[in-house]
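The analysis underlying the following values was restricted to heavy atoms, covering all of them including side chains, and did not include hydrogens, waters or symmetry mates.
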Amino acid sequence: MNGVGPQWFPASLRQVLTRLSAMFFNTASWDRHDEGYQAGSPSRSKCDHLFLAAMLADGSQAGPVWRMLGCSLLAWTFWLSARAMGWTTYNYS
């Protein structure tokens with residue numbers, strides 16, 4: 001899968017975003033999201049919802065409250081980005 005960020009981001013930028021994100025979230029959250037986007041199933045809305053739920057679950061186990069809050073903020077930011085721009089890569093071959 002392509003990691004964090006849309007397919008049209010430069011690979012080097014996606015690598016940096018993925019490494020940074022791995023400090024907060026389990027990589028399965030974006031791997032499953034990428035799989036759903038690539039397959040075109042489930043719906044884009046459902047893929048994004050599952051992505052958010054996985055990130056929030058990871059964030060809830062982040063340790064101190066300040067870190068959990070930071071993870072939650074980052075999860076919602078990623079979700080908003082996916083909702084706003086995901087149409088550019090959903091079910092894109």
Enquirer: Is a donor on one side and an acceptor on the other found under 3.5 Å between the side chain of Asp34 and the backbone of Gly3?
Expert: yes
Enquirer: Taking only residues two or more places apart in sequence or in another chain, which ones pass salt bridge (charged side-chain N to carboxylate O under 4.0 Å, His left out) with Arg83?
Expert: Asp48
Enquirer: Taking atom OG1 of Thr89 and atom CD of Gln38, what is their separation to the nearest 0.5 Å?
Expert: 10.5 Å
Enquirer: Which residues, ordered by chain and number, are linked to Trp76 in its hydrophobic cluster, where ILVMFWY side chains connect at heavy-atom gaps below 4.5 Å, directly or through other members?
Expert: Leu52, Leu56, Trp79, Leu80
Enquirer: For residues Trp30 and Phe78, determine if any side-chain heavy atom of one lies less than 4.5 Å from a side-chain heavy atom of the other.
Expert: no
Enquirer: Side-chain donor-acceptor pairs under 3.5 Å in residues 8-17, sequence neighbours left out?
Expert:
unit_1	atom_1	unit_2	atom_2	d
Trp8	NE1	Thr88	OG1	2.9
Arg14	NE	Asn2	O	3.2
Arg14	NH1	Gln7	O	2.9
Arg14	NH1	Phe9	O	2.5

Enquirer: side-chain hydrogen bond (donor to acceptor under 3.5 Å, both in side chains) with Trp87: which residues, sequence neighbours excluded?
Expert: none
Enquirer: Can you list the residues that meet the side-chain contact (heavy atoms from CB on, under 4.5 Å) rule with Ser43, with sequence neighbours excluded?
Expert: Ser45, Lys46
Enquirer: If every non-hydrogen atom of Ser29 is compared with every non-hydrogen atom of Ala54, which pair is closest and at what distance?
Expert: CB-CB, 3.6 Å
Enquirer: Measure the CG-OG distance between Asn26 and Ser21 for me, rounded to the nearest 0.5 Å.
Expert: 12.0 Å
Enquirer: Is there a donor-acceptor contact under 3.5 Å from the side chain of Arg44 to the main chain of Ala82?
Expert: yes
Enquirer: Hey, could you give me the SG/CZ distance between Cys47 and Arg32, rounded to the nearest 0.5 Å?
Expert: 12.0 Å
Enquirer: Extract all donor-acceptor atom pairs below 3.5 Å that involve side chains of residues 66-73 and protein atoms in other chains or at least two apart in sequence.
Expert:
unit_1	atom_1	unit_2	atom_2	d
Arg67	NE	Ala62	O	3.4
Arg67	NH2	Met23	O	2.5
Ser72	OG	Met68	O	3.1

Enquirer: Which atom pair, heavy atoms only, marks the closest approach of Val4 to Thr18?
Expert: N-OG1, 2.8 Å
Enquirer: Rest of the hydrophobic cluster containing Tyr90 (Ile/Leu/Val/Met/Phe/Trp/Tyr, side-chain heavy atoms under 4.5 Å)?
Expert: Tyr37
Enquirer: Answer yes if Met55 and Leu50 sit in the same cluster of Ile, Leu, Val, Met, Phe, Trp and Tyr residues linked by side chain heavy atoms under 4.5 Å apart, and no otherwise.
Expert: no
